[in-house]
Structures are given as C-alpha cells and as structure tokens.
Amino acid sequence: MRWLLVLWDIDFTLVNAGGVGTRLYRMVFRDMFGTELPSAADMAGRTDRAIVLDTLARAGIPEPRKHLDQFLAKLAALAPTGRELAVQHSRALPGAAAALDALAAFAPGRDAPGRDSADREVAGRDAPGRDAPGRDSADREVAGRDAPGRDAPGRRGPAPGRDGAGFTTANVRVVQSVLTGNVRRMAEIKLSAVGLDADLDLETGAYGDSHEIRSELVHLARGKAARKYGRGFAGTATVLVGDTPLDVAAARATGARAVAVATGGTSADKLAESGADVVLPDLTDTAAVLFAILGVP
C-alpha cells in the first residue's frame with residue numbers, strides 16, 4: 001500500500017480570495033499604527049510571517065520583528081470580518097472542488113464502494129490492448145493518451161510508482177491537507193467560504209504563522225501527518241500543489257514532488273523552469289490532476 005500526503009496551496013491554487021488578505025492587512029495596520037498602510041508586500045507564495053515583516057519594513061516601522069506576533073494575532077482575531085469579506089469576494093477556482101472530491105476517494109478509511117468512480121477516473125482502461133465494449137467517451141479520453149502533463153517542461157523523470165500497472169484506490173491512500181502562507185484561521189475561512197474544506201484534514205496542515213520559510217512548513221506537515229496516521233511521508237510521498245515558484249522551491253528543498261498549476265501570476269513556462277515535476281494549466285481536467293498527483297503511468 002502506497003501512502004501520499006498531498007499539500008495544497010490555497011490562494012490562486014484552490015481559491016481566488018478577491019483581495020481579502022490585503023484588506024485585512026490594512027485594517028490591522030490602521031489599528032496598530034493609526035495610519036493607512038502605504039502598500040502591502042508581495043504575497044505570492046510567501047508566508048504571513050514573511051509578508052508582515054516585509055510590509056512593516058516597507059512602511060518604515062522601526063524594528064518590525066517586535067510587532068510581528070501582535071500583527072499576526074490581530075489578523076487572526078479579524079476572522080469574523082474575514083469570513084464576511086471572503087463570502088462576498090472569494091470564489092473557488094475552476095476544477096478545485098472536483099479535484100479535491102476525486103482525491104477524497106483515496107482517503108484512509110473510505111469505503112470501497114465509494115471508490116469506484118475514482119478508480120475509473122484514474123485507470124480509465126481495461127487491460128492493455130483490449131477494447132472494452134461500452135467504454136464511455138471519458139474513459140476513452142483518459143485511456144487514449146499519455147498521462148496528462150507527462151511531457152511538460154521541467155519534468156525531471158518518471159513519476160514515483162510508475163510500474164505499468166497504474167494506481168487504483170485499492171493500492172494507494174491519500175491524505176489531503178494544506179500548506180499555505182495564511183495564518184490558520186484565515187486559511188479555514190477562505191476554504192469554508194467557498195465550500196472547499198470538507199475533504200481536507202486541516203489538523204495536518206501547515207500555516208504561515210508557524211514559520212517565515214515555506215519549506216519549513218513541509219517538515220511541520222509531515223510531522224503532524226506521521227503522528228496522526230502512524231507512517232512517514234518522506235521524500236516523494238509528499239506532493240505539493242501550488243501556483244508559484246516558491247511552492248516548487250519548497251518541494252525541491254524537502255525532496256517532495258511539485259505539481260504546479262498556472263492559475264496565479266506565474267506562467268506555465270516559468271513554473272517549469274523553476275523545477276516543477278508536472279505543470280498543469282489549471283485544475284479543470286480532473287483526470288489530469290489525478291495523474292499528476294498520484295504519479296499514474
């Protein structure tokens with residue numbers, strides 16, 4: 001049995017939050033310093049700890065680190081306001097809900113009958129060379145091509161577990177969580193506001209109030225998952241899914257696999273150049289997402 005820990009980025013991978021984070025930063029800055037925030041630092045792929053330090057430094061606040069924990073605490077305390085804003089301005093990105101739901105069929109403890117559709121999505125074929133009567137168009141689409149993203153620029157070799165047999169829910173288990181720059185309360189709010197929290201084990205996630213460096217969050221998430229599920233997720237047993245080169249860099253630094261999606265501000269070419277194992281244009285092709293994350297041949 002092969003186990004995978006899949007760690008999703010949130011902003012511009014699963015959710016377009018509509019600028020909620022920047023709005024809340026402005027509220028906290030005004031509350032703490034009695035003036036308007038000139039501008040927030042670049043947020044793409046960074047943790048809230050790093051963003052806050054950079055934002056305060058850019059605003060000319062002396063000794064930014066002295067104010068860091070207070071700023072993060074106030075940010076978390078704005079959760080009710082954040083939820084209202086998220087409901088008004090946020091949306092799930094196309095394909096995100098379907099991708100999470102498809103991977104949930106591989107969750108530990110999921111009853112076998114509920115896995116049938118995911119098996120068909122991943123396998124999509126009978127034995128090689130056999131044309132099954134009645135195979136629907138979706139099955140033919142999955143079966144009649146190489147794995148989506150397989151030849152994407154930046155792929156660094158065969159996906160783990162490629163043995164020609166493929167994967168089904170009988171031989172792989174997937175723990176889904178998040179690895180995000182958001183503080184935990186804001187991460188929960190952004191996901192729940194658009195209905196994407198049900199299939200994610202948020203207790204196992206790693207959040208931007210825990211460390212400034214994104215790659216350190218990978219170690220935190222692995223440790224939590226190991227303690228909860230009684231097994232390790234070292235190396236390529238961890239898969240990061242994100243939209244920035246910093247997501248890819250965190251995977252590279254920790255030996256994890258990197259599945260990049262060009263749904264943020266970084267092009268597919270740039271994501272490939274950063275070293276992603278697979279680059280997808282978005283999450284709308286559920287079969288492609290499953291192939292990319294599970295490493296199906």
Side-chain angles (χ1 to χ4, degrees), residues 5-15 17 21-22 24-25 28-29 39-59 61 63-76 154 156 175-188 190-191 200-227 232-261 264-266 270-271 273-277:
L5 173 63
V6 177
L7 298 172
W8 292 89
D9 172 54
I10 295 177
D11 292 291
F12 294 104
T13 298
L14 295 174
V15 176
T22 300
L24 295 176
Y25 268 59
V28 173
F29 189 89
S39 63
D42 180 27
M43 295 184 174
R46 305 177 71 194
T47 67
D48 270 328
R49 292 189 72 87
I51 296 165
V52 170
L53 287 172
D54 196 2
T55 295
L56 296 181
R58 288 167 180 255
I61 302 299
E63 301 183 77
R65 194 169 291 277
K66 287 178 57 177
H67 306 283
L68 175 60
D69 289 337
Q70 182 186 10
F71 196 106
L72 292 172
K74 286 182 174 290
L75 194 62
R156 302 187 309 150
V175 175
Q176 291 191 91
S177 190
V178 295
L179 190 142
T180 174
N182 291 279
V183 300
R184 178 166 177 174
R185 287 293 295 125
M186 292 312 305
E188 293 171 341
K190 288 180 179 181
L191 292 166
L200 294 166
D201 179 359
L202 296 178
E203 292 294 327
T204 302
Y207 302 90
D209 45 348
S210 297
H211 207 285
E212 293 163 38
I213 300 172
R214 197 175 189 95
S215 60
E216 292 299 321
L217 299 183
V218 180
H219 300 304
L220 291 175
R222 279 173 169 160
K224 291 180 181 180
R227 288 188 292 274
F233 294 92
T236 56
T238 300
V239 182
L240 272 60
V241 188
D243 67 293
T244 75
L246 290 177
D247 296 295
V248 176
R252 297 279 72 83
T254 56
R257 292 185 68 238
V259 174
V261 287
T266 306
K270 290 293 185 184
L271 291 169
E273 290 171 8
S274 71
D277 293 289

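We use all heavy atoms of the structure for the numbers below, so side chains are in, but hydrogens, waters and symmetry mates are not.
A donor-acceptor contact shorter than 3.5 Å is absent between the side chain of T244 and the backbone of A44. Between the side chain of R257 and the main chain of T236, no donor-acceptor pair closer than 3.5 Å is present. Under a 3.5 Å cut-off, the side chain of T13 and the backbone N or O of D243 do form a donor-acceptor pair.
Across all non-hydrogen atoms, the minimal contact from T266 to P245 is OG1-CD, 3.5 Å. Heavy atoms only, all atoms of each residue included: F71 and Y25 are closest at CZ-O, 3.8 Å. Smallest separation of non-hydrogen atoms from A258 and A251: CB-CB, 3.7 Å. Summarising the geometry of G232 relative to A226, their closest heavy-atom pair is CA-CB, 4.5 Å, with the distance given to 0.1 Å. The two residues A256 and L240 come nearest to each other via the heavy atoms CB-CD1, 4.0 Å. Between A276 and A260, the shortest heavy-atom distance links the atoms CB-CB, 3.8 Å.
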Worked verdict on R252 versus D277 for side chain to side chain contact (heavy atoms under 4.5 Å, CB included): CA-CA 10 Å; R252 297 279 72 83; D277 293 289; 3.0 Å; yes

Please step through side chain to side chain contact (heavy atoms under 4.5 Å, CB included) for the pair W8 and V241, ending with a clear verdict. CA-CA 5 Å; W8 292 89; V241 188; 3.6 Å; yes

Is there a side chain to side chain contact (heavy atoms under 4.5 Å, CB included) between T180 and M186 once you walk through the steps? CA-CA 10 Å; T180 174; M186 292 312 305; over 6 Å; no

Test L179 against R214 for side chain to side chain contact (heavy atoms under 4.5 Å, CB included), laying out the working first. CA-CA 8 Å; L179 190 142; R214 197 175 189 95; 3.6 Å; yes

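Within the 4.5 Å cutoff, side-chain heavy atoms of D11 are placed close to those of K190. Looking only at side-chain heavy atoms (C-beta outward), Y207 and L202 come within less than 4.5 Å of each other. Residues L75 and D209 are not in side-chain contact: their nearest non-hydrogen atoms beyond the backbone lie 4.5 Å or more apart.
Considering CZ of R184 and CG of D48, their distance stands at 14.5 Å, rounded to 0.5 Å. In this structure, I213 CD1 and H219 NE2 are separated by 10.0 Å, a value rounded to the nearest 0.5 Å. To the nearest 0.5 Å, atoms CZ (F29) and OG1 (T55) are separated by 9.0 Å. Atom OG1 of T204 sits about 7.5 Å away from atom CG of L5, to the nearest 0.5 Å. A distance of 13.0 Å separates CD1 in I61 from CG in L68, rounded to the nearest 0.5 Å. One distance of note links CG of D9 with CG of D247; it measures 4.5 Å at 0.5 Å rounding.
Salt-bridge formation is not detected for the pair E216/R49: no Lys NZ or Arg NE/NH1/NH2 atom is positioned less than 4.0 Å from an Asp or Glu carboxylate oxygen.
Applying the side-chain contact (heavy atoms from CB on, under 4.5 Å) rule to S210 yields the partners L217, L220; only residues at least two apart in sequence or on another chain are considered. Taking the ring pair (Phe, Tyr, Trp, His ring centres under 6.0 Å) definition, one finds that F12 meets it with nothing, sequence neighbours left out.
Remark: the D201 side chain and the S177 side chain contain no N/O donor-acceptor pair separated by less than 3.5 Å.
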